[in-house]
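What you are looking at is a predicted structure, and each value in this text was computed from that prediction instead of being measured. In the text below, chain A, chain B and the rest are named by the order of the sequence lines, each starting its count at 1.
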2 protein chains.
Amino acid sequence: MKNGKKAPTIFDVSALSGFSISTISRVINNPEKVNAETRQKVNNAIDQLGFVPKAEARARALRFMGRIGVITPFFTAPSFIQRMRGIANSLSKENFDLVIYTVDSNNRLQSYLSSLPLTGNLDGLVIMSLPVNDNDVKRLLDYHLPTTLIEYPHPLINSVEIDDVEGGRIATEYLIKKGHRRIAFLGDSDLPEYSIHPVSFRLKGFRKALKSANIEVPESFIRLAPYNQEQARQIAKELIDLPNSPTAIFAATDLQALGVLKATRQLGIKVPDDLAIIGFDDIDMADFEDLTTVRQHLDESGRLAIEILLSHIADSSRPVQHVYLPLTVIERLTV
Amino acid sequence: MKNGKKAPTIFDVSALSGFSISTISRVINNPEKVNAETRQKVNNAIDQLGFVPKAEARARALRFMGRIGVITPFFTAPSFIQRMRGIANSLSKENFDLVIYTVDSNNRLQSYLSSLPLTGNLDGLVIMSLPVNDNDVKRLLDYHLPTTLIEYPHPLINSVEIDDVEGGRIATEYLIKKGHRRIAFLGDSDLPEYSIHPVSFRLKGFRKALKSANIEVPESFIRLAPYNQEQARQIAKELIDLPNSPTAIFAATDLQALGVLKATRQLGIKVPDDLAIIGFDDIDMADFEDLTTVRQHLDESGRLAIEILLSHIADSSRPVQHVYLPLTVIERLTV
DNA sequence: TACAATTATGAAAGTGCTTTCATTAAAATA
DNA sequence: TATTTTAATGAAAGCACTTTCATAATTGTA
């Protein structure tokens, strides 16, 4: 198969197969554009020589690597996955490879952030729901690695964001408009050090809306719990057991809202009559469960991030873009 | 530092500094061969432009980081995502990058399969729920690209599989043991040409189990529908409306089982008393919905695939491994 | 001071690939 | 059968550098 010689080039394959280098290149990159018989012969020659195209030469000729990196928190929350889906979908249409870097500690985040821009084997980077500091940004800029941030903004870098305060406000106002006065808030706690915490902004919006409406919230109505359904269910039960319990709960993430919903089912509480529930995110399951929620269009955020990124890769003179995704209450059956 | 332009090339530095590209190149690669004053000027120009020689960057990229590719069907079914999660999780613990190749057509699959082994970019490959032919396998082997298949086996390549026939049998027997005699089957149809179809094996198991138990199935009890909840819900309603309707439904995927479950809620049918439902896969949502199902431990399949892959990367003399994942009925509340 | 060495530089020829464009052969249509 | 389309191929022009070789300027030597 391989003879001990120098690494074979596309020219060797051309010589052995009798076809031009253009055809060899085609067999490798656009096999469907070449006659089956020819393709077969070329492939034979490739196999015979053990030819492996050099990535560096390829990148040089193409002027890009065809590879986008995504730095994302540990693959676990449904919302991350839906963003990823948006990213993967639009990327595959554009014929880019997707390289995923999962972050499970501050250390790892920093290590990615400091090495990735230097390696030169990425055409662009998406940083999802993770904080970057000025130093990281400077490096990204210095090494000309086009980047889009999702959820965490920075003035010098493209971003796709939502206004969490506003989102919290919208959700709460919706509840108020429906006549609720005793409204509880359920958010997540125990966030890992490397991650960001949008929920605290949603809480801010919650407070703001109530203040505008001149409604007092007892502190016992504001609860934080680890981000999972089990704990949310637990808290929901506690809230329901409170004397003068809330008539509505705003859960700052859908996952937790679903936990609350489950609690109501177990307790035989009627939703929305006895208790209204509104979530935040609009994950896939929200639709299935008919959960009323604030949609932030997760898939779209991924799609958009890629769109912006690719446009900046194509034309790096474009000005930095900061896109705000609209937030809307999706009315379903739980309020 | 950088003005919004394209990434500068050695030519830009040449133009700005007034020296030829040869000199620029020398300043970078053999600084001692160029006059100190010239070198200074060139360096100034380099700094001014923020020029980063691509090749050098790439050299630095020779960091110790491996790269694992995963070829996966279009990022959509929850089961794929859970497998991915298993993969991403175990990979992030090791020093490997994860490159994702999403397949949305036969063409693309073939193009990945024929080009990936050649590029030498990957240290290992996982092919998820996608069929490979002997030719593909030969290429993988010839180019020494360690590979693990998930769900679709091949004698010459590592694989992580489940026995779908057996799974269908288990689910059906479970229903029979619970006293059901009129059992319907709901599977998915309209599979894209490039994908595999485990559900047909589950149907085989279904038939087998019924035969062993001497139970006849009317053909009207065996239904296929596109893979989504909406259609599943529709079909469920039709089944329920049948004269002498089934007392149990085996949905060959959880997603469809959940569609059925939703139909029962809308129709006010009591589960499991009026209708029992069993699914297959055990996706996250199954737990939330208390769906009785056959667990195939999706996360684990991803984890295992990586484990096998890495061990083969470390020691290529290892014999091919075919691992069968156990299937068990997870008893929850719908049967 | 004449001539060889040395040093600093640029022109141009690679490097291994991709892609555009033109050409030819084959198929489809009139 | 003549003519337009389409498919399959090759020639050649990039791509972003590195390297070789030739040339000019400077220094060293007798």
Side-chain angles (χ1 to χ4, degrees), chain A residues 5-43 45-46 49-67 94-97 118-123 143-145 313-314 316, chain B residues 5-43 45-46 49-62 107 111 114-116 118-121:
Chain A
K5 291 282 174 189
K6 290 256 168 202
T9 76
I10 200 169
F11 287 92
D12 300 319
V13 180
S14 164
L16 180 62
S17 66
F19 291 93
S20 74
I21 57 165
S22 332
T23 300
I24 315 302
S25 175
R26 260 181 228 114
V27 170
I28 294 164
N29 301 292
N30 306 79
E32 75 284 356
K33 290 198 171 175
V34 42
N35 181 288
E37 201 179 323
T38 307
R39 187 168 49 207
Q40 188 53 50
K41 287 181 190 160
V42 170
N43 274 323
I46 288 179
L49 293 169
F51 167 68
V52 177
K54 274 118 209 113
E56 193 180 318
R58 173 169 209 273
R60 198 191 320 136
L62 279 171
R63 281 165 7 267
F64 67 88
M65 301 237 65
R67 194 178 293 150
E94 302 289 339
N95 254 310
F96 275 88
D97 290 348
L118 310 189
T119 65
N121 47 40
L122 250 30
D123 298 308
Y143 286 92
H144 304 280
L145 179 60
I313 290 172
S316 55
Chain B
K5 295 289 178 185
K6 284 257 181 233
T9 75
I10 201 169
F11 285 92
D12 300 317
V13 181
S14 162
L16 181 61
S17 65
F19 292 93
S20 74
I21 58 165
S22 329
T23 299
I24 315 303
S25 176
R26 263 181 224 112
V27 169
I28 293 161
N29 301 292
N30 305 78
E32 75 287 355
K33 292 200 171 176
V34 47
N35 180 290
E37 199 179 326
T38 307
R39 187 167 50 205
Q40 188 51 50
K41 287 181 189 161
V42 170
N43 275 323
I46 288 180
L49 292 169
F51 169 69
V52 181
K54 300 239 160 118
E56 192 203 328
R58 196 160 298 114
R60 259 184 279 182
L62 290 178
N107 247 343
S111 128
S114 52
S115 67
L116 286 182
L118 309 192
T119 63
N121 263 327

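Scanning for side-chain contact (heavy atoms from CB on, under 4.5 Å) contacts around L16(B) gives A45(B), Q48(B), L49(B), with sequence neighbours left out. Residues satisfying the ring pair (Phe, Tyr, Trp, His ring centres under 6.0 Å) test with F11(A), not counting sequence neighbours, are none. Partners of F96(A) under the ring pair (Phe, Tyr, Trp, His ring centres under 6.0 Å) rule, at least two apart in sequence or in another chain, are F64(A). Applying the salt bridge (charged side-chain N to carboxylate O under 4.0 Å, His left out) criterion to E32(A), with sequence neighbours excluded, gives no partner residue. Among residues two or more places apart in sequence or in another chain, the side-chain contact (heavy atoms from CB on, under 4.5 Å) test is passed with A15(B) by none. Shown here are the side chain to side chain donor-acceptor pair (under 3.5 Å) partners of Q40(B), two or more places apart in sequence or in another chain: N44(B).
What separates NZ of K33(B) from P of dT7(C) is a distance of 11 Å, to the nearest Å. In this structure, the CZ atom of R39(A) is 15 Å from the C1' atom of dT9(D), given to the nearest Å. In this structure, the CD atom of E32(B) is 13 Å from the P atom of dT9(C), given to the nearest Å. What separates CG of N35(B) from P of dA8(C) is a distance of 6 Å, to the nearest Å.
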*Just by protein heavy atoms under 4.0 Å, how would nucleotides 12-19 of chain C read 5' to 3' in B, S and -?*
B--BBBBB
Could you go through residues 24-31 of chain B and list every donor-acceptor pair under 3.5 Å that involves a side-chain atom there, pairing it with any protein atom two or more places apart or in another chain?
residue	atom	partner	partner atom	Å
S25(B)	OG	N29(B)	ND2	3.3
N29(B)	ND2	S25(B)	O	2.9

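K54(A) approaches P8(A) most closely through the heavy-atom pair NZ-O, 3.1 Å. In terms of heavy atoms, T9(B) sits closest to D12(B) at N-OD2, 2.7 Å. Residues A55(A) and M65(A) approach most closely at O-CE, 4.4 Å, considering heavy atoms. Listed here is the closest heavy atom pair of F51(A) and I10(A): CE1-N, 3.4 Å.
Note that the two end axes of the helix from dT1(C)-dA30(D) to dA30(C)-dT1(D) enclose an angle of 30°, each drawn from 5 base pairs, rounded to 10 degrees.
Contacts of G18(B) with the nucleic acid, taken as non-hydrogen atoms under 4.0 Å apart, involve only primed sugar atoms and P, OP1 or OP2.
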Polar pairs (N or O, both sides) under 3.5 Å between protein and nucleotides 5-7 of chain D?
none

